[in-house]
Amino acid sequence: DITIRAIETLRKVDVICAEDTRRSIQLLRHFDIPQKLLISYHEHSHVKQINNIVKMALEGMHIGVVSDAGTPAISDPGSELAAACVESGIPVCSVPGPSAVTTAVSISGFSGTAFTFLGFLPHKGVERQRTVNLVQSTLHIVVLYEAPHRMMRTMTDLSVVHGDRRCVCCRELTKLHEEVWRGSISESLLWLREKMETSEPGESGSSVRGEFTIVLAPYSPGVDREEKAQNAQDMLRSMMRDGVKRSEAVQLVADSKLTNLRKSEIYKLALDMDW
């Protein structure tokens, strides 16, 4: 997907900063756009590279930024460069294009105007668990990105408390092999296992290819005290198996407000857990 304005912009700019220069060359050729000065600009670009780009802009050159798939600066390279340009007084404008966040929300079928986008979850440790807790305690729509080789673990973590929460799992949105699956978080685990069993391994080692966009429906919890205790122990067990110390796990569960149990109650549950 590409807009007429985007094609016209690529024709007019002097320089293109590309997340992947090889793909950008293919894009230019496809639309018969004359070869431009291409500069590699990705998530590992050094500050010196950003300063060089800013310098070119200050000298009067018109510069475009192209991400590999999606919108620059939305879980893609671009935010640091945009900040540097703003700080230097260089005008920054957006050329709308494909964005998995809004695309996924628009086809989710979930009602409500508010949604929270959290990008990719931290890979491990306390920070990951804090983010998972944030997801579980956010009762309006939540949107996440996830890599295929971490998808199973993420959906497993999310299922600990709100396994019956409805979700939409989108893969390769706006691309050739676009796929949309709908169900509950718990049901998604069965779907993912089936996909892994029937797919060939990709470059990442996962048998499922292409990044996922996860949309969680608004959620209205209504659980009794016994279920709250079970939820708390499930959360504790998940964290401690992930290497989080018991005291830290207890604090995280208490801070999450997901169970509405006092910290002392959660600590007692941690001591009484049957592994």
Side-chain angles (χ1 to χ4, degrees), residues 75 100-101 104-105 108-147 150-170 181-193 211-270 273:
S75 288
V101 183
V105 172
S108 68
F110 301 146
S111 60
T113 55
F115 70 86
T116 295
F117 172 59
L118 296 174
F120 291 92
L121 291 179
H123 294 178
K124 59 184 178 180
V126 173
E127 193 57 39
R128 177 182 173 86
Q129 193 57 52
R130 283 200 181 106
T131 309
V132 169
N133 288 351
L134 174 62
V135 172
Q136 292 169 330
S137 62
T138 302
L139 302 184
H140 54 254
I141 294 171
V142 179
V143 186
L144 305 169
Y145 285 166
E146 193 51 278
R150 288 193 295 269
M151 186 65 177
M152 178 63 81
R153 182 189 172 203
T154 290
M155 298 310 287
T156 300
D157 287 349
L158 294 176
S159 71
V160 170
V161 174
H162 293 166
D164 60 338
R165 187 171 184 170
R166 289 182 301 147
C167 67
V168 176
C169 298
C170 308
W181 178 91
R182 304 171 190 274
S184 70
I185 296 177
S186 295
E187 290 169 345
S188 75
L189 301 178
L190 298 175
W191 170 69
L192 286 168
R193 287 193 188 98
E211 290 181 348
F212 285 85
T213 304
I214 307 162
V215 185
L216 303 180
Y219 191 78
S220 299
V223 297
D224 57 26
R225 188 171 185 80
E226 183 177 341
E227 188 171 346
K228 288 178 182 179
Q230 184 61 55
N231 287 342
Q233 287 192 321
D234 288 343
M235 292 172 68
L236 290 166
R237 189 174 291 108
S238 176
M239 289 184 229
M240 292 165 70
R241 283 176 177 168
D242 202 33
V244 178
K245 294 180 181 179
R246 180 167 58 190
S247 58
E248 291 180 340
V250 169
Q251 187 66 56
L252 285 167
V253 174
D255 290 344
S256 74
K257 307 296 184 184
L258 286 169
T259 62
N260 291 321
L261 297 175
R262 293 192 299 272
K263 183 178 177 180
S264 58
E265 294 177 292
I266 297 169
Y267 185 76
K268 185 176 185 304
L269 288 169
M273 275 199 314

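Every heavy atom of this structure was used, including side-chain atoms; hydrogens, water molecules and symmetry mates were not.
Using cut-offs of 30° and 60° for the angle between ring planes, the Trp191 and Trp181 rings count as parallel.
Looking at every heavy atom in both residues, Arg166 comes nearest to Phe110 through NH1-CE2, 3.8 Å. Contact between Gln233 and Leu269 at its shortest, heavy atoms only, is NE2-O, 3.0 Å. Listed here is the closest heavy atom pair of Ser111 and Ile141: O-CD1, 3.9 Å. Across every non-hydrogen atom of Tyr145 and Ala100, the tightest pair is OH-CB, 3.5 Å. Nearest heavy-atom pair across Gly125 and Val244 is C-CG2, 4.5 Å. Here the closest heavy-atom approach between residue Arg182 and residue Ser108 is recorded as NH1-O, 2.9 Å.
In this structure, CD on Glu248 lies 12.5 Å from CG on Leu236, to the nearest 0.5 angstrom. Note that the CZ atom of Arg165 and the OG atom of Ser159 stand 13.0 Å from one another [nearest 0.5 Å]. Atom NZ of residue Lys268 and atom CG of residue Leu261 lie 12.0 Å apart, to the nearest 0.5 angstrom. Note that CD of Gln129 and CG of Leu252 are 6.5 Å apart. Values are rounded to the nearest 0.5 Å. Distance CG/Leu121 to CG/Leu158: 6.5 Å, rounded to 0.5 Å. Rounding to the nearest 0.5 Å places CZ of Arg193 at 4.5 Å from CE of Met152.
The side-chain heavy atoms of Asn133 and Met235, taken from C-beta on, include a pair separated by under 4.5 Å. Residues Val160 and Arg237 are not in side-chain contact: their nearest non-hydrogen atoms beyond the backbone lie 4.5 Å or more apart. The shortest side-chain heavy-atom distance between Ile185 and Leu216 falls under the 4.5 Å cut-off.
More than 12 heavy atoms of other residues, nucleotides or ligands lie within 6.0 Å of CZ in Arg150, so this atom counts as buried by the packing criterion. Sparse packing is recorded around OH of Tyr267, with 12 or fewer heavy atoms of other residues, nucleotides or ligands lying under 6.0 Å away.
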Stepwise side chain to side chain contact (heavy atoms under 4.5 Å, CB included) test for Phe115 and Val215: CA-CA 9 Å; Phe115 70 86; Val215 185; over 6 Å; no
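A salt bridge is absent between Arg128 and Asp242; no separation between the charged side-chain nitrogens and carboxylate oxygens falls under 4.0 Å.
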